[in-house]
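Everything numeric in this text was worked out from a predicted model, so none of it was measured. Computed over heavy atoms, backbone and side chain alike; hydrogens, waters and symmetry mates excluded. Just so it is clear: chains get the letters A, B, ... in the order the sequence lines come, proteins before strands, and each one is counted from 1.
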Amino acid sequence: MRYHRALLPTLKEAPSDATSASHVLLTRAGYVRRVGAGIYSFLPLGLRTLRNIERIVREEMDRAGAQEVLLPALLPSEYFKETGRWDLFGDTLLRLKDRKGGDYHLGPTHEEIITDLARREIRSYRDLPKNLYQVQAKFRDEPRPRGGLLRGREFIMKDAYSFDVDETRAFESYEAMRQAYVRIFDRMGLDYRLVSADSGAMGGSKSAEFQVLVQSGEDFIAACPSCEFAANLEVASPPAPAPGSPAADLPAPEKVHTPGHGSIEAVAGFLGASPRQFLKSLVYLAGKELVLVIVRGDHDVNELKLARALGVDEVFLASAADVVQATGAQVGFAGPVGFSGRVVIDPDAAAVDDGITGANETDYHLRHVRFGRDFQAEVQPVRMVMAGDPCPSCGAALAIYRGIEGGHIFVLGTHYTAQMNAMYLDEQGNERPIVMGCYGIGISRLVAAIVEQHNDDNGIRWPAAVAPYPVHIVQLGTSQEVVDAVARLEQELTAAGLEPLVDDRDERPGVKFKDADLIGLPLRITVGERGLKDGNVELKPRTEPNPKNAQAVPLADATRVVVAELRALTGPRANAGSP
RNA sequence: CGGGGCGUAGCGCAGUUUGGUAGCGCGCACGGUUCGGGUCCGUGAGGUCGGCAGUUCGAAUCUGCCCGCCCCGACCA
């Protein structure tokens with residue numbers, strides 16, 4: 001591709017609304033343009049990158065035995081009404097009416113549509129298994145689109161749906177998809193973790209997320225630096241506390257005046273104590289009940305676990321007024337001693353031998369408080385895992401990462417097929433529901449996720465497997481010698497299947513180098529009179545920061561060397577970065 | 001939905017407090033200059049100041065309503 005013919009509008013300054021690294025760089029380097037909140041156009045380079053990701057996904061899906069279909073984005077409401085998701089999705093569903101006033105929506109996901117296809121076309125165990133996938137735009141009216149391509153309202157997604165005769169077979173399909181996903185994410189040069197997820201709302205029985213580790217990620221992941229363990233922070237279980245040896249002579253609780261010191265830090269500073277000695281007491285609203293929840297002072301409550309422990313869907317931190325009503329004191333002075341309602345305590349807090357906690361009286365705390373002696377409570381693990389907790393599988397200290405969900409694999413069971421009456425006849429002639437799985441990959445999101453992991457101060461550094469072009473030729477000057485050398489290189493590389501981007505613009509060298517770094521193609525070849533004097537061109541991988549380390553290569557050998565370099569770059573996980 | 005902020009040329013911003021001529025940088029066009037890491041000089045084009053209504057002799061600036069966008073939170077099969 002000749003630069004002077006390409007639509008490749010690079011910018012010195014990023015639009016002010018761009019926050020994440022990927023958003024800034026993809027915009028500045030001319031890959032995407034924003035059309036509306038969470039809505040983007042892909043420019044030629046952006047589309048080529050997207051296509052490369054799609055190609056890898058298709059290759060691995062096909063290799064795993066899946067077949068591609070294309071389902072509509074515009075959907076009549078009847079399908080989602082059938083499963084109740086017309087209402088469940090709420091405002092996230094982008095709804096519209098046709099000219100006759102009929103209800104339609106744009107598809108946020110396609111379980112119903114594919115299940116409808118299955119119930120019409122799959123009748124017998126002989127028709128199973130099947131795995132169907134599609135790549136297309138999905139629409140969700142997100143409450144808050146953000147991070148450019150990371151969370152959009154229109155986005156490109158690959159989703160696959162497997163259909164099997166029973167759970168055992170469904171798990172086999174799931175496992176095949178898991179392996180395909182590992183290959184996909186490896187090939188794209190992503191640093192990611194496979195984390196077990198919460199299958200709650202989908203009614204599924206097994207699921208895992210492929211979390212790409214990036215600073216701007218929305219999810220928190222507890223992962224082990226020395227083994228494969230990783231879990232969503234929400235579902236990770238903290239280790240049981242080491243049993244302590246309680247002091248025999250702990251004095252009775254003593255009220256201390258702590259005027260104006262409500263937070264743990266403030267009281268700890270005031271009393272010269274460690275947060276670990278505190279019984280952090282929080283009032284939660286669970287349904288209509290106010291519950292006092294106690295975790296150790298340096299811990300945080302895991303609200304998902306708390307809700308489960310209390311048997312409700314959701315819990316909310318009580319309002320200040322509710323706290324006053326429940327404890328008789330201002331916020332900051334709640335405690336379990338003398339509290340009349342339900343009390344839940346985390347095992348780590350229960351193990352605190354000589355604790356400090358609120359006195360349920362404004363401006364007063366209690367010290368020398370011990371669970372069991374001074375108050376009673378239900379012991380339930382309700383704290384969040386934190387960095388430094390031991391890994392449950394190998395014991396090393398866990399680290400907390402931020403991640404963005406790049407893929408999600410799911411065994412759905414018969415959740416949709418039973419509701420929609422998608423049945424098959426087994427060998428005995430019995431009618432049974434088809435067992436489903438679903439498997440998504442956020443294709444457009446991965447464009448951004450890859451950039452999040454592969455960039456430096458100067459721009460993008462594409463892994464070779466997804467780069468829009470493999471080679472960036474920087475033509476310096478317009479002498480016949482240079483022009484001829486560039487033309488020769490372009491021709492040879494194209495013949496080798498490696499079409500280069502050729503910067504033939506009438507620009508100063510500095511401009512061309514800056515743009516080449518910004519655009520981020522894996523290899524750069526500089527062709528100028530200086531090198532050609534000795535018959536050489538200069539080759540530099542984008543990952544090499546120092547231009548002086550460019551490799552002088554005889555023009556006649558350049559194509560061969562490029563081919564070899566790229567082969568090295570596209571090896572398995574060759575481009576894997578670190579978080 | 002709660003809290004905060006923004007909307008002025010293609011992009012980044014000043015001007016709004018205290019009403020009166022709409023400005024700067026980048027980019028763009030033209031001329032010259034320069035030419036291996038975003039040259040330098042000059043000339044020029046380009047703006048319904050988010051929209052509507054109001055106050056006023058006069059509104060980017062004051063008032064009201066509306067729209068859009070960004071950030072934090074809530075939310076996120």
Side-chain angles (χ1 to χ4, degrees), chain A residues 9-20 23-24 27-28 30 33-39 80 83-93 107-112 138-148 150-153 155 157 159 161 197-204 207 209 216-219 232 234 303-304 314-317 319 404-405 408-410 412 415-416 436 438-440 442 445 457-459 474-479 482 503 505-518 524 526-533 537-538 540 545-548 550:
Chain A
T10 56
L11 302 171
K12 284 187 182 174
E13 289 180 286
S16 58
D17 58 8
T19 48
S20 64
H23 192 187
V24 169
T27 302
R28 284 192 55 212
R33 286 292 182 263
R34 197 186 74 95
V35 173
I39 307 171
F80 272 52
T83 59
R85 292 211 292 181
W86 179 257
D87 295 319
L88 276 177
F89 253 99
D91 291 335
T92 304
L93 207 55
T109 175
H110 283 75
E111 281 81 9
E112 283 84 348
K138 308 252 176 180
F139 301 85
R140 292 182 196 178
D141 195 356
E142 295 286 351
R144 193 177 150 203
R146 68 186 104 187
L150 286 172
R151 175 176 291 279
R153 294 197 294 174
F155 53 96
M157 183 163 162
D159 55 338
Y161 301 96
D198 176 26
S199 349
M202 291 289 290
S207 83
E209 293 172 354
S216 51
E218 301 176 323
D219 302 325
N232 231 310
E234 280 200 326
E303 297 187 353
L304 184 74
E314 272 184 300
V315 293
F316 303 92
L317 213 44
S319 66
I404 184 88
E405 184 182 342
H408 199 162
I409 56 176
F410 239 111
L412 288 173
H415 184 76
Y416 292 95
M436 264 178 90
C438 73
Y439 318 92
R445 170 179 282 184
D457 290 344
N458 296 315
V474 176
Q475 172 186 323
L476 296 184
T478 51
S479 69
V482 169
D503 193 346
R505 292 175 301 169
D506 179 20
E507 288 287 355
R508 297 171 58 83
V511 171
K512 295 191 174 192
F513 289 133
K514 288 289 184 190
D515 276 339
D517 285 347
L518 186 59
R524 185 181 88 191
T526 304
V527 183
E529 291 182 42
R530 185 190 289 179
L532 286 179
K533 212 166 42 193
V537 297
E538 292 147 47
K540 187 184 86 64
N546 187 351
K548 294 197 166 57

Those residues that, when tested against A:Asp17, pass salt bridge (charged side-chain N to carboxylate O under 4.0 Å, His left out) (two or more places apart): A:Arg34

Set of salt bridge (charged side-chain N to carboxylate O under 4.0 Å, His left out) partners for A:Glu507, sequence neighbours left out: none

B:G46 versus B:C30 - spacing of their C1' atoms, nearest Å: 15 Å

Complementary nucleotide for B:C28 - Watson-Crick or wobble, under 3.5 Å: B:G44

Between C1' of B:G12 and CZ of A:Arg34, the distance in whole Å: 15 Å

Given RNA chain B, 5'-ward residue of the pair A:Phe316 and A:Asp506, judged by closest heavy atom: A:Asp506

Interatomic distance at P, B:C69 relative to B:G58, whole Å: 34 Å

No-H, no-angle donor-acceptor pair, A:Arg151 side chain to B:C76 base, under 3.5 Å: yes

Nucleotide forming a Watson-Crick or wobble pair with B:U21, both distances under 3.5 Å: none

Nearest-angstrom distance from the residue atom CZ of A:Phe155 to C1' of B:C76: 10 Å

Pairwise C1' distance, B:U56 and B:G20 [rounded to whole Å]: 12 Å

Under the salt bridge (charged side-chain N to carboxylate O under 4.0 Å, His left out) test, residues paired with A:Asp141 that sit two or more places apart: A:Arg153

Rounded distance in Å between the P positions of B:G38 and B:G27: 13 Å

Heavy-atom side-chain contact between A:Asp159 and A:Cys438 under 4.5 Å: no

Side-chain donor or acceptor of A:Tyr161 paired with backbone N/O of A:His110 under 3.5 Å: yes

Separation of the C1' atoms in B:G44 and B:C52, to the nearest angstrom: 36 Å

Spacing between A:Glu142 atom CD and B:C1 atom C1', to the nearest angstrom: 15 Å

For B:C6, the Watson-Crick or wobble partner whose two distances fall under 3.5 Å: B:G68

Touch class at under 4.0 angstrom, heavy-atom based, for A:Pro143 against every strand present: base

Working for side chain to side chain contact (heavy atoms under 4.5 Å, CB included), residues A:Arg85 and A:Glu111: CA-CA 10 Å; A:Arg85 292 211 292 181; A:Glu111 281 81 9; 2.8 Å; yes

Nearest atoms (heavy-atom pairs only) where A:Lys540 meets A:Ala550: CB-CB, 4.0 Å

Sugar-phosphate or base contact per nucleotide [nucleotides 36-46 of chain B; S, B, -; heavy atom under 4.0 Å]: BBBB-------

Atom-to-atom span, CG of A:Leu317 to P of B:G73 - whole angstrom: 16 Å

Any strand: nucleotide that pairs with B:A14 via Watson-Crick or wobble, under 3.5 Å: none

Rounded distance in Å between the P positions of B:G10 and B:A45: 16 Å

Touch class at under 4.0 angstrom, heavy-atom based, for A:Thr92 against every strand present: nothing

Nucleotide B:A74, atom P - distance to CG of A:Asp91 in whole Å: 18 Å

Distances for protein N/O vs nucleotides 2-10 of chain B N/O pairs under 3.5 angstrom?
none

Closest non-hydrogen atom pair, A:Lys138 against A:Thr109: NZ-CA, 3.8 Å

Watson-Crick or G-U wobble mate for B:C49, both contacts under 3.5 Å: none

Pairing nucleotide - B:C1, Watson-Crick or G-U, each distance under 3.5 Å: B:G73

Test salt bridge (charged side-chain N to carboxylate O under 4.0 Å, His left out) applied to A:Arg524 - qualifying residues, sequence neighbours left out: A:Asp517

Short side-chain N/O contact to B:C11 OP1/OP2 from A:Ser16, under 4.0 Å: no

Partner residues of A:Thr10 under the side-chain hydrogen bond (donor to acceptor under 3.5 Å, both in side chains) criterion, sequence neighbours left out: A:Asp515

Distance, P atom - from B:C65 to B:G4, rounded to whole angstrom: 16 Å

C1' spacing across the pair B:C62 / B:C49, given as an integer number of angstrom: 16 Å

Partners meeting side chain to side chain contact (heavy atoms under 4.5 Å, CB included) with A:Val24 (sequence neighbours left out): A:Ala14, A:Ala18, A:Arg28

Test side-chain hydrogen bond (donor to acceptor under 3.5 Å, both in side chains) applied to A:Glu218 - qualifying residues, sequence neighbours left out: A:Arg146, A:Arg151

Integer-rounded Å distance: B:A74 P and A:Asp219 CG: 13 Å

Spacing of A:Arg146 atom CZ relative to B:C69 atom C1', expressed in whole Å: 15 Å

Atom pair distance, as rounded to whole Å: CG in A:Leu304 and P in B:C76: 11 Å

Strand partner of B:C62, provided both Watson-Crick or wobble distances fall under 3.5 Å: B:G54

